*Asks:* 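Below is one structure. I have some questions about it.
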Amino acid sequence: MTQLRLVSTLAVMALLSFAGCDKKADAPTPKGKPVTGTTPGPAPTPPTPAGAKLRIAVIPKGTTHDFWKGVERGAKKAGEELDVEIVWKGPALENDRAQQIQLVQQFVTDKVSAIVLAPLDDTALLGPVKQATAGGIPVAIVDSGLKGEAGTDYIGYYGTDNRAAGKVGGEALAKLIGKEGKAVVLRYNAGSASTVMREEGGIEGLKAGGAVIVSDNQEGGVTPESAKTKALQMMDTIKGAAGIYTVNESTTLGMLLALRQAGLAGKIKFVGFDASAPLVEALRKGEIDALVVQNPERMGEVGVRQVVKKLKGEATEKQVDTGAVLVTKENMDTPEVKGLLPGT
C-alpha cells in the first residue's frame, strides 16, 4: 500500500511539472521586449560589401524642371560607364529644404557608397553633408554652392561659375537696351547659392553696361506659376522698362507666360537663364532675345566621376567649371550650341 501511494505521488508531481513547463512557454512576452530572434521595424540597408557594385545617391534640388532631367542623364551615363548603381531621388519642389535634408540623412543611414548633391539651401544642407562625410560617405556638390570647405566638408563643387555666367547675361541685356536703358531683374528664391550668384553677376553686368536697374528686389519663387504671378504683379514696372533679366528655368518661363498674357512678349528685350523646350521655342520666335545655357548633363557626369575617384583613392578636383553659353537666335543651330538645347 505504501509503495502504491509513493508511485501515485511521483506520477502527479511529474504531470504538474510538465504542465508548469507548458504554461511558462505560452506566457505572453513582456511589454516592450521583442520575442528573441525578431527585430522591430525595417532594418537599414547594410553597407556595400567589398567587391559589390558601388551605390551612388544623386539628390537634385527638385525633379520637375528639365534642367534636373539633364543632370539625371549625365549621372546615369557616368554610372553605366563606371559600372556603378545610380539612385536618383529628390524633392518635387525646389523649396522643400526639410525633405532634401531628410533624403541626405536617409542615404547616410542606408550607407550608400557616396552622394552627389545639388543643395537647395547653402546653409541648411551643410550639417547633413558634414554628417555624411564624417560617416565615411564622400559628397560631391553640383549646380549650387554650399557653405563649408571643399576638400574637408565635401570633396568639391562641380557646376557653372554662376557669378560669371550671370554677368554674361547682364552684359547681354545691357547691350540690347543701351546705356540708360531701364532694366528689371526677377530673382528666384532666398538661400539658393547658384541663383544668388547669377543675380549678383547679372546686376554687375547690367551696371557695367550702363543700364539703369528699376527693380531687383522681387522673387519669382520655385515654380513657373509663382514666377508668372509675381511678374503680373510687377507689370506696371515692367511696362516702363526696356529689358528683363531672369535667373533660372522657372523664373524665365514664368516671366514669358506673364508677358504673353500682357501682350508684351517680343516687345521688351528679355534675357533669361536655362533651356527647356518652351524656352527654346520662344527664343526661336523672338519672344526671348538670349538664354544663358548651362550644361546640366556634364554636372551630373562630373559629380559621379569625382565621388567614384574618391572611393577608389584617386585624386579629385575641388572645383570644375562645367561651362555656360549665351545662346541667341543667331547661334542656336550651330553644332557647339545645339547639343545643349532640348527639342533641337
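Model, not experiment: these values are computed from the prediction. For the numbers below, each heavy atom of this structure counts, side chains included, while hydrogens, waters and symmetry mates do not.
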*Asks:* What residues, two or more places apart in sequence or in another chain, satisfy salt bridge (Lys or Arg N to Asp or Glu O under 4.0 Å) together with K69?
*Replies:* D66
*Asks:* Identify the two heavy atoms, one from A150 and one from G156, that lie closest to each other, and give their separation to 0.1 Å.
*Replies:* CB-CA, 4.2 Å
*Asks:* Excluding sequence neighbours, so at least two apart, what forms salt bridge (Lys or Arg N to Asp or Glu O under 4.0 Å) with E85?
*Replies:* R55
*Asks:* Run the numbers on Y245 and D216 for side-chain contact (heavy atoms from CB on, under 4.5 Å), then give the verdict.
*Replies:* CA-CA 9 Å; Y245 169 68; D216 67 353; over 6 Å; no
*Asks:* Which atom pairs, donor and acceptor, lie under 3.5 Å between side-chain atoms of residues 171-185 and protein residues at least two apart or in another chain?
*Replies:*
none

*Asks:* With salt bridge (charged side-chain N to carboxylate O under 4.0 Å, His left out) as the rule and sequence neighbours excluded, what pairs involving residues 251-279 come up?
*Replies:* R260-E287, K269-D289
*Asks:* Find the distance between CG (N162) and OG (S144) and round it off to the nearest 0.5 Å.
*Replies:* 7.0 Å
*Asks:* Quick one: pull up CG in D122 and CD1 in I141 and give me the separation to the nearest 0.5 Å.
*Replies:* 10.5 Å
*Asks:* When you measure from the side chain of D153 to the backbone N and O of E149, does any donor-acceptor pair fall under 3.5 Å?
*Replies:* yes
*Asks:* Could you name each residue pair satisfying salt bridge (charged side-chain N to carboxylate O under 4.0 Å, His left out) that touches residues 228-257, not counting sequence neighbours?
*Replies:* none
*Asks:* Quick one: list whatever passes side chain to side chain donor-acceptor pair (under 3.5 Å) with E297, sequence neighbours left out.
*Replies:* R73
*Asks:* According to a 4.5 Å side-chain heavy-atom criterion applied to Ile, Leu, Val, Met, Phe, Trp and Tyr, with indirect links allowed, do V337 and V292 form part of one hydrophobic cluster?
*Replies:* no
*Asks:* Going by the rule side chain to side chain donor-acceptor pair (under 3.5 Å), which residues pair with R305 if we only count those two or more places apart in sequence or in a different chain?
*Replies:* E81, E301
*Asks:* Are V308 and V58 connected in a single hydrophobic cluster, I mean Ile/Leu/Val/Met/Phe/Trp/Tyr linked by side-chain heavy atoms less than 4.5 Å apart?
*Replies:* yes
*Asks:* Please name the pair of heavy atoms, one in L341 and one in A275, separated by the smallest distance, quoted to 0.1 Å.
*Replies:* CD2-CB, 4.0 Å
*Asks:* After noting the C-alpha distance and the side-chain angles of T160 and T322, does the key distance pass the side-chain contact (heavy atoms from CB on, under 4.5 Å) rule?
*Replies:* CA-CA 5 Å; T160 304; T322 54; 4.2 Å; yes
*Asks:* Within a strict 4.5 Å, meaning less than it, do heavy atoms of the L311 and P138 side chains meet?
*Replies:* yes
*Asks:* Would you list the pairs meeting salt bridge (charged side-chain N to carboxylate O under 4.0 Å, His left out) in which at least one residue belongs to residues 307-321, sequence neighbours left out?
*Replies:* none
*Asks:* Return the CZ to CG distance between R284 and D333, rounded to the nearest 0.5 Å.
*Replies:* 4.5 Å
*Asks:* Measure the CE-CG distance between M255 and L186 for me, rounded to the nearest 0.5 Å.
*Replies:* 4.5 Å
*Asks:* So do I203 and R187 actually touch side chain to side chain, heavy atoms under 4.5 Å?
*Replies:* yes
*Asks:* What about V325 and V168, same hydrophobic cluster or not, with Ile/Leu/Val/Met/Phe/Trp/Tyr joined at side-chain heavy-atom distances under 4.5 Å?
*Replies:* no
*Asks:* A132: what forms a side-chain contact (heavy atoms from CB on, under 4.5 Å) with it, not counting sequence neighbours?
*Replies:* V108, I115, I137, V139
*Asks:* Can you list the other members of the hydrophobic cluster that holds M197, where links are side-chain heavy atoms under 4.5 angstrom apart?
*Replies:* V196
*Asks:* Any pair with a residue in residues 92-104 that passes side-chain hydrogen bond (donor to acceptor under 3.5 Å, both in side chains), sequence neighbours left out, goes on the list, sorted by first then second residue, please.
*Replies:* H65-E94, W68-E94, E94-Y188, R97-D121
*Asks:* Quick one: do D161 and K167 make a salt bridge, cutoff under 4.0 Å?
*Replies:* no
*Asks:* If you look at every heavy atom in I268 and A242, which pair is closest and at what distance?
*Replies:* CG2-O, 3.6 Å
*Asks:* So, taking the atom named NZ in K329 and the one named CD1 in I288, what distance separates them when rounded to the nearest 0.5 Å?
*Replies:* 12.5 Å
*Asks:* State, yes or no, whether a side-chain contact exists between L82 and V304 at a heavy-atom distance under 4.5 Å.
*Replies:* yes
*Asks:* If you look at every heavy atom in A165 and A324, which pair is closest and at what distance?
*Replies:* CB-CB, 4.0 Å
*Asks:* Do I59 and L93 sit in one hydrophobic cluster, given that two such residues count as connected whenever their side-chain heavy atoms are within less than 4.5 Å of each other, even indirectly?
*Replies:* no
*Asks:* With hydrophobic residues grouped by side-chain heavy-atom distances under 4.5 Å, do V247 and L326 end up in a single group?
*Replies:* yes
*Asks:* Which pair of heavy atoms, one from P91 and one from P60, lies closest together, and at what distance?
*Replies:* CD-O, 3.4 Å
*Asks:* Is the closest side-chain heavy-atom distance between L256 and P278 below 4.5 Å?
*Replies:* no
*Asks:* L117 versus V129: any side-chain heavy-atom pair under 4.5 Å?
*Replies:* yes
*Asks:* If you define the side chain from C-beta out and look only at heavy atoms, does anything of F67 sit under 4.5 Å from N248?
*Replies:* no
*Asks:* For S226, which residues count as a side-chain contact (heavy atoms from CB on, under 4.5 Å) partner, sequence neighbours excluded?
*Replies:* T223
*Asks:* Where do T246 and I244 come nearest, in terms of heavy atoms and distance?
*Replies:* CG2-CG2, 4.1 Å
*Asks:* Is there side-chain contact between M299 and Y158, with heavy atoms separated by less than 4.5 Å?
*Replies:* no
*Asks:* Output the distance between atom CG (L279) and atom OG1 (T252), rounded to the nearest 0.5 Å.
*Replies:* 6.0 Å
*Asks:* Under 3.5 Å, is there a donor-acceptor pair between the side chain of T195 and the main chain of S192?
*Replies:* yes
*Asks:* Would you indicate whether the side-chain heavy atoms of F107 and V87 approach each other to under 4.5 Å?
*Replies:* yes
